[in-house]
Structures are given as structure tokens and as C-alpha cells.
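Please read the structure below before turning to the comments.
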Amino acid sequence: MRTFLFEWKKLLICRRGWLVILSAFVIKFGYLLIVDSPEFANIELYRNDYMYYMQKVEGRLNGEKINYIEETASQSAAAKSEIAQSYSDFYAGNISEEECDQQVLKQQDFAVRYKGMNALYEQYLYARQQPECRYIVYPNGWAALLQNDRQDLFFVLVLLVLLIPLFCSEYLCRVDCFAITTVNGSRNFGVHKSAVSVILAMLLGLFFTIGHIIFCIIKYGLPHAEYPLQSLAYFSSCPYSISLGQAFWILAFLRMFGAAFLAALICFAAVLTRRNASSCLVVLCMVGIPYISFSDSLQYRLPMPLGFLRAVGYLLGNEVMADSVTGEETVIFSQVSSAQFLYLCMVSLIIIFLCGLFVCYKNCNKIVLYKTYKKRNSRLATFLFSCFLFLSGCGKTGALEAMQVIYNSTSSDSYWANDFFVKAVEQGENAGIWMKKNNEEMINMVRTPFRSDRIHANCIYGNDGIVYYISSRSEDDSNIRLSRREGKMKVCVLGISADSMEEFCKFEVSYQKNSEWSFLNFVTGFFMNNKNIWFVTDDAVWQIDLLTHKKEVLNIPLNGNISYDGRRIYFIDDEMRLSEYDTETGRIDKVGNIAAGAYVLTPNGIYFSNLRDQNHLYFDRRDGSEVQMIVEKNITSVEIEGGVLQYYVSGDDSVHIMELAEDDK
């Protein structure tokens, strides 16, 4: 016992292990604060409205709750439409301000909570399929706590820092030779250090788990731990009847077992190689190679710590993906049965026992590797570091210049510059990004020769002679290696220089169907600066941090065109007033006194259909001067393409064209 306590004292106090653990906990907590994004961003943005309805319908669905949700959803959608019509009638002079206020006030309670009900309704559609095991519950806290199946490389590195010196430092200073001169010295040398390593790994795993649950409670909250696990769509195919709280403790226990398994392998590697760098290399290979190379279905069936550290896969059932054309289903993750899990645990325990035997009886100078190869260690480290630099690369980032950039989502498929015009074509034989310079022929800017297996979204963004476009690619069904971790769809935002035709990647993410990134399937436009990229979808504007990939849904309604001038985002609010969102301060302001049914932004001002004057086309120069009427007709929509203003008149299906000044294109 004295030797055991001495090893603890040496590890935690003499070698400052407590400082490493505390620093790791603080860094991990800070990392979660910076990187963590809610699984359902709309719920967090409209949380007050969402929780208003959640309090009435949470739990198991019944007939009363179903009727309430259906009726409230219909009323909210109708109220939002009626309020927009009331403001349009007021600006047109059809009703007075008092009448408008009365009509808006009558529908305000339903319309103001429209977004909250919309977020709840998607959850309701999922729960309604199997109401006996799918309850309605606030999901973001449990999703953040339970759905993380990524390998925690940070935890692995902390264990390496703490445990490898526990053995290797003793060999380097020849303490092992001194230990064998005492009674049972070599045996105690291995037994006590192995016990310390396993216990420390399990406690550290529990420590990190407690930190994660504290973070989730503080940021989100974890209500109703007694609800079924299938209440989360992520676990829709789970074959076990367990609650959310039970699932947490099961995953925590499995990860602690995985931590003990990893500690045993670290001790084995340390005694085998007796060198710090070599031990790290062996352990990282045992953990990293299966993580990179093997399918998820195989990773959870290997007698290795990787599956236990990820753990989530043991609670998942079979997952299939249907081909959109043929309807053929492909298994992307196969369930780990109870018999397979028990067999895996038995084999893992045997491996841990064998590692313990090796450490206890084979560490007294009988196996010494690399004794005469000190130079090789430095050469190996240099080689690995060079490979890391080569693989990481330092490519061109394509920084955006600080200049006035005009973007309109109504013309997101084209970009006009001084000496060239670019048009995005999504389908057909001419699919790609086509550029025409002066009087030259049209050329496809997409550089990759593998155009047939990639989907190019029908939207681009241009800035300072660089054209950005979205390229997405589905993984081949025969390659299931990264099915869950990396997803089945890879989306990139690529930039191409119009002068040199050099291509580089600005943003990249991989995700699986029905994951938190699935909104990228519905992107209708995008724009960016050096810090963020904004994606416009059918129902929201998403802000993504280019460095951390942290997601945020902006409180911007989608009532037509979304514009961007390099700093401010312009939109029509629910009162049909033209507004602007400052991307640096987060402040929302009205743009003058403009009430617009449609608008476009240009470098010199704003063209808009004036609701106050029978939807006539007006122009605001944004310099304090009075707005000018351009076209005295009832304008239904307006957009810009190729430096030309295009608008439609009520009752006329033909497009009307107006040339713009050179400095306004």
C-alpha cells in the first residue's frame, strides 16, 4: 500500500499531474464554450416561443395534444400571412393606422410565436410516427450530451502525457534496475504502476464526463431524464427500452471501461518500447488507424478501446440509406447485438489481463527495444514531423478584401464585374460555372475533371475577381469507411480566380443525412467575409464561423430578397419595412422610411417597389436625398442580372429591362 500511495504522490504532486488534469479540464470546458453549437439552432433562437408551446405538449402525444398542435400551427401560419397583408394595405392607404394596429394586435399572439411553433412542429412530426416511445422533449441539452460519437483525441493525449512517463521515465533513469534488487521489486514495479494507470484513466474519464454534463446543464438544461431515448431522432432505431438518463450512465460506464482499456495498452506500449516517443507512436497507431481506416460497423466490433470510447454506436440500431433513384437500401451502420457486445467485452477483458501480465513480469530488463538506436528515435521523430507538415499544408486561404461587395439573393446565380460576367448552371450538359470575358467565348471555371459525380449548387458569390461556388459530393455506397463520423455528403465552398483560374477551398464540411448540417441541402444563396460565411436557405439565414464552424441562425425573416454590402445584411421585416443587420455589432435598424414589397441593392443605392405608392419602382441613393420614382407601374418583383435591372409588372408576364449606369452595376 505504501508503494501504491507513493506512486500516486509521485504522479500527481512531484510531476505536477494535478496541474495537467486541471488544465485539461479548463481547456476542455473552454473548447466546448467556443465550439459547441445547438443541434437545433431554430429552437435556441426562438426558445421563449418554443418553450411556451413545449410546456403545453411535452411528454407522450395524445389526441388532445395532436389537435392543439395542428390548430395552433394553422393559426400561426394564417396570422403571419394576415399581418403582412394588413401592413401592405396600410402602406397602400386602404386602411388607417388604427385599423392596421387593431388587425395586427388581433393576430399578434399567434404570429409572434410562429417560429417557435414551426420548430416544435418538426419535432411533432417525428414523435407522431411512434407516440408510444417517442415523446416531445426539449432536445438540445440531451443531444449535446448523448450524440457525440467522435473520438476524443484530447482525452487520449492527456492520458499519454500522464501515463507514459510513469514507466518510461523510470527506464530512462534506470530505476527499474534498482527495483529488481528488492524483494518482489520488479513485480511491485509493474503492479502498482498498472493499478495507478487504470484507476487514473477511469477517474479522468469520469471527471471529463461530469464536466460535460455540467456544461450541458448550464447552457441548455436536461429536463425529463425519464423520457425514452427514442425521443431523440438520432436514436430513432435504438432497439433498447431505456430512458435518456439511463443512456447517459450507460455511455459514461462504457467510456470509463474504454479509458481503462486504453490505459492498459499505454502501459503495455511503455514497457514494450521503454521510450516516450515510441510509446506515443504505438498508442496513436492503435487508436488512430482503426478510426481513420475502418467502417463504423467494424470499429464497434473490434476488441479495442476505440469503440468503448465512442460508445454511442452500441445504442444504435441498423441504419440504412435509400438510393434516391432506384430506392435500393444500403446499410451504413449495422447494429451491435447483445451477444456480440458480451463477446467483445470478454475478449477486451482478456486483452487487459494479458497486458497486465506483460507489464508485471516482463519489465525487468528482459525486453529492451531500441537500446542501441537512439539516433533512429530522433530520425523517426523528424520524419513524422515532416509528414505532418506535408499533410497539413499551408494552402491559399483566399482572404476577402475589405471593399464594398454587393450581393442579392434574387440574382445569386450570376456575378458581374468590370470585364467579365459569370453565370452558374446547375443541371444539363452545360452544368458548371461559366464565365465570359469581353468578347471571348464562354469557359467553364470548374477545374476538377470529376464533374459528373459532383453537384454544383445554382448559386455563386463574387468578390474582387474571385468567384465562389458550392460543390457537393455524395460518397460511393461501396465506401462506408467514414459513414457516421464524416457523413455521407461532402460540401465545399470553392473559390476560383478569374485571372489565373487558380482554385482553392474556402469552407468544407462533411455530414450525414439528417444531421445538424443537413440544412446545406437547401441552400439558395451564400455570401462571406474573412470571418464568417452566411448561407440562405428556404427558411433561415445561417451564420457559420469559418474557423470554428460554429453555427448560428440569424433573427432575419425571409420575406423576399436578402442583400449584403460587405458589412450589412438587408432584408424586409415582418412589418414590410426594409431593414439592415450589422454583422459586426449584431444591431438591426430600419433603412430610412422604406416600405417595400420587393427590392435590390446596388453600389449606389436601392431599387424598391414602394408600398406607399401603389408598388411603383423607386430608387434611394442612401445619401440623405429624397427617393426618386423610376417606373410608374405596379411592380411585383425586381432583380439584377448581368448589370441589367429586370422587373415584372402586375398583369404582364413579360420581363422589363432597364440598363444601369456603369458605376451602379
Side-chain angles (χ1 to χ4, degrees), residues 23-24 26-41 44-45 140 143-144 147-148 150-155 157 212 215 219 388-403 405 407 457 459-464 466-472 482 485-487 489-497 502-512 515-520 523 525-537 540-556 564 566-569 581-587:
S23 301
V26 173
I27 293 173
K28 181 69 173 182
F29 203 86
Y31 173 80
L32 290 174
L33 289 175
I34 295 173
V35 176
D36 181 76
S37 298
E39 178 76 12
F40 304 95
E44 294 304 310
L45 182 61
N140 279 339
Q147 292 182 192
N148 182 21
R150 298 181 180 90
Q151 169 60 46
D152 192 349
L153 182 60
F154 184 76
F155 175 74
L157 294 178
H212 195 188
F215 169 81
K219 184 173 182 178
F388 171 77
L389 292 178
F390 175 77
L391 293 175
S392 61
C394 298
K396 180 180 178 180
T397 60
L400 304 181
E401 298 293 335
M403 57 173 293
V405 180
Y407 167 85
C459 56
I460 59 176
Y461 173 69
N463 179 11
D464 194 28
I466 298 178
V467 179
Y468 299 88
Y469 72 97
I470 298 177
S471 175
S472 58
L482 305 177
R485 183 174 56 259
E486 294 288 340
M489 181 70 72
K490 183 176 183 179
V491 174
C492 304
V493 176
L494 303 175
I496 310 174
S497 172
E502 180 184 358
E503 185 176 79
F504 57 90
C505 182
K506 186 68 176 179
F507 172 81
E508 179 178 347
V509 66
S510 297
Y511 62 94
Q512 191 182 12
S515 72
E516 58 182 339
W517 292 95
S518 296
F519 69 89
L520 292 175
V523 171
F526 71 97
F527 47 93
M528 69 183 78
N529 60 18
N530 286 327
K531 182 180 179 181
N532 298 307
I533 182 170
W534 292 270
F535 292 103
V536 182
T537 63
V541 177
W542 294 76
Q543 177 178 290
I544 314 296
D545 190 295
L546 290 173
L547 179 62
T548 64
H549 285 192
K550 186 174 183 178
K551 303 180 295 299
E552 179 184 358
V553 177
L554 301 183
N555 190 14
I556 294 178
Y564 176 65
R567 173 170 176 171
R568 291 169 291 273
I569 301 174
Y581 170 84
D582 194 314
T583 58
E584 294 186 5
T585 64
R587 180 178 175 180

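Reckoned from all heavy atoms, side chains included, excluding hydrogens, waters and symmetry mates.
In K550, the NZ atom is crowded: over 12 heavy atoms of neighbouring residues, nucleotides or ligands sit closer than 6.0 Å. In Y31, the OH atom is not crowded: 12 or fewer heavy atoms of neighbouring residues, nucleotides or ligands sit closer than 6.0 Å.
For the atom pair OH (Y468) and CD1 (I460), the distance works out to 12.5 Å, reported to the nearest 0.5 Å. Atom CD of Q543 is separated from atom CZ of F535 by 11.5 Å, given to the nearest 0.5 angstrom. For the atom pair NE2 (H212) and NZ (K28), the distance works out to 7.5 Å, reported to the nearest 0.5 Å. One finds the CG atom of N532 at 10.5 Å from the CG atom of L547 (value rounded to the nearest 0.5 Å).
Taking the side chain as every heavy atom from C-beta outward, V493 and M528 approach each other to under 4.5 Å. K531 has its side chain out of reach of L546: every pair of non-hydrogen atoms, C-beta onward, lies at least 4.5 Å apart. Proximity of Y407 to N463: side-chain heavy atoms (C-beta onward) are nowhere separated by under 4.5 Å.
Taking every heavy atom of both residues into account, C459 and I470 meet most closely at SG-CD1, 4.0 Å. Smallest separation of non-hydrogen atoms from A41 and W542: CB-CZ3, 3.7 Å. The two atoms that bring K506 and N529 nearest to each other are CE-O, 4.5 Å, heavy atoms only. A pairwise comparison of heavy atoms in K551 and F519 identifies CD-CE2, 3.8 Å as the closest pair. Scanning all heavy atoms of the two residues, the minimum distance from S37 to H549 falls at OG-O, 4.4 Å. Of all heavy-atom pairs spanning L554 and L45, the tightest one is O-CD2, 3.6 Å.
Aromatic ring centroids of F526 and F507 lie 6.0 Å or more apart. The distance between the ring centers of F527 and W534 falls below 6.0 angstrom.
Side chain of K219 to backbone of D36: a donor-acceptor contact under 3.5 angstrom is found.
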Candidate pair Y469 and E503, rule side-chain contact (heavy atoms from CB on, under 4.5 Å), full reasoning: CA-CA 11 Å; Y469 72 97; E503 185 176 79; 2.9 Å; yes
Residues F154, I27; criterion side-chain contact (heavy atoms from CB on, under 4.5 Å); working and verdict: CA-CA 10 Å; F154 184 76; I27 293 173; 3.9 Å; yes
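A salt bridge links D582 to R567: one of the charged nitrogens lies within less than 4.0 Å of a carboxylate oxygen.
Under the 30°/60° scheme for interplanar angles, the aromatic rings of Y461 and Y564 are found to be tilted.
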